[in-house]
Amino acid sequence: MLFNLTEEQLMIQSMVREFSRKVVAPTASERDKTKEFPAKNLKQMGELGLMGMMIPPEYGGEGADTISYVLALSEIAYSCASTSVVMSVQNSIVCESILKFGTEEQKKRFLVPLASGEIIGAFALTEPDAGSDPVSQTTTAKKDKDEYILNGTKRFITSGQNCKVVIVTAKTDESAGHRGISAFLVPKGLAGFSVGHVEDKMGLRASDTTDLIFENCRVPAENILGKEGDGFKIAMSGLDGGRIGIAAQSLGVAEAAFDASIRYTRQRKQFGCSISKHQGIRWQIADMATQIEAARQLMLSAAAMKDRKEKFTTQASMAKLFASEMVNQITARAIQLHGGYGFTKDYDVERYYRDARVFTIYEGTSEIQRIVISNNILKDKRNQ
Ligand code: CAA
């Protein structure tokens, strides 16, 4: 392995692996059926310091590095992708955005309970008609003395129902393009703020995905995150970190599907021997292991760049693109290797296949990652 993980990183990985397999895994399949939000597991994860891993201890976090975070997130995804998406959104796009752009007062009020896992947070950028192109969003925030009045609908919001606070983007200047978008910390319970439709999804069924509706919702002006017009930058830089997290989730689910495939192909006998003895199967195993290892290295490399405080946007998109496409191939192969059994609910590979499907879509589709990667390569002076 290219990366020499430190003692501390290995210790965190092994602690989370044990917790994940003992506590999170046994109920994952049931949660997939009932769609029950993993509130109890998330509470325990908060106690273990997994909900604000990269946040300094003075703001309720663990002060861990990004490498430790992605190792931990992969371990949770290995057992339950629904639980891992809540952990991912909370750690990166919610907590890290407040750490980076919040005032001291906002950090005390919102970051401390979020990073310690006391409350769940959400991030609301997407709208019914603004997904890949968030600049076309139509939610507005009009200043009225010491308040902003929010109007609009956000869509596909992870933890929309179960969260206590949401970072909401809205237009404060409709004529200024991306520079007219601002971000606000909006707690639940404000008048004019409600949860709308809850999606019935193909995968990640125990994580709620909802509409959030703002109807003349008055938000105190002190709740603006950053300055007026910073919202797009906050979203984009939050997504940089978030995308490494999607690579980590992809890796975790792919490893689970791979391990299940190894167990099955060893135990399943056809033509007088384990199917793992057939060359056609062995070559598939070799390809799967190679794809998984390549994704792991891309994920670790992007995380290491972030830890070194280098610009990592391109590498985060590469890791997200490659790992999310990889896990879709691996989980499809895992079903194929399980034959007819893989198509039933008796084997976990069926759940892995459904859970993985959204990884090439959320936090920027594969097509958007290719735009980010190619834009950055073409504008790099070294390539001109
Ligand atoms: N960090 C900081 N700032 C950034 C940035 C980054 N990574 N990328 C761009 N910016 C800034 C630029 O500097 C520029 O600012 P200035 O003009 O002030 O210099 C501004 O943003 C616009 O940049 P571009 O011109 O490059 O932006 P664009 O409009 O051409 O392209 C895009 C942007 C990459 C297509 C972007 O719109 C994008 O990523 N779209 C996908 C949105 C997305 O990922 N949605 C997922 C929803 S969230 C989600 O899924 C969470 C969940 O619940 C699981």
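Atoms within each ligand, like the ligands themselves, are counted from 1 in listed order. Quick note: residue numbers are just sequence positions, from 1.
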Could you name the protein residues that come within less than 4.0 Å of ligand 1, counting only heavy atoms, and order them by chain and residue number?
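Lining ligand 1 at under 4.0 Å, by heavy atoms, one finds Val89, Thr126, Gly131, Ser132, Pro134, Thr158, His178, Arg179, Phe232, Lys233, Met236, Ser237, Leu239, Asp240, Arg243, Thr313, Tyr362, Glu363, Gly364, Ile368, Val372.
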
With a cut-off of 6.0 Å (strictly less than), are more than 12 heavy atoms of other residues, nucleotides or ligands near [atom1] of [X]?
X	atom1	value
Arg21	CZ	yes
Glu105	CD	no
Lys201	NZ	yes
Glu7	CD	no

Short side-chain to backbone donor-acceptor contact, Glu36 and Arg31, under 3.5 Å:
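Here the side-chain-to-backbone pair does not exist.
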
So that I know where these two stand, are Tyr148 and Phe184 an aromatic pair - ring centroids less than 6.0 Å apart?
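Aromatic pair counts; centres sit under 6.0 Å.
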
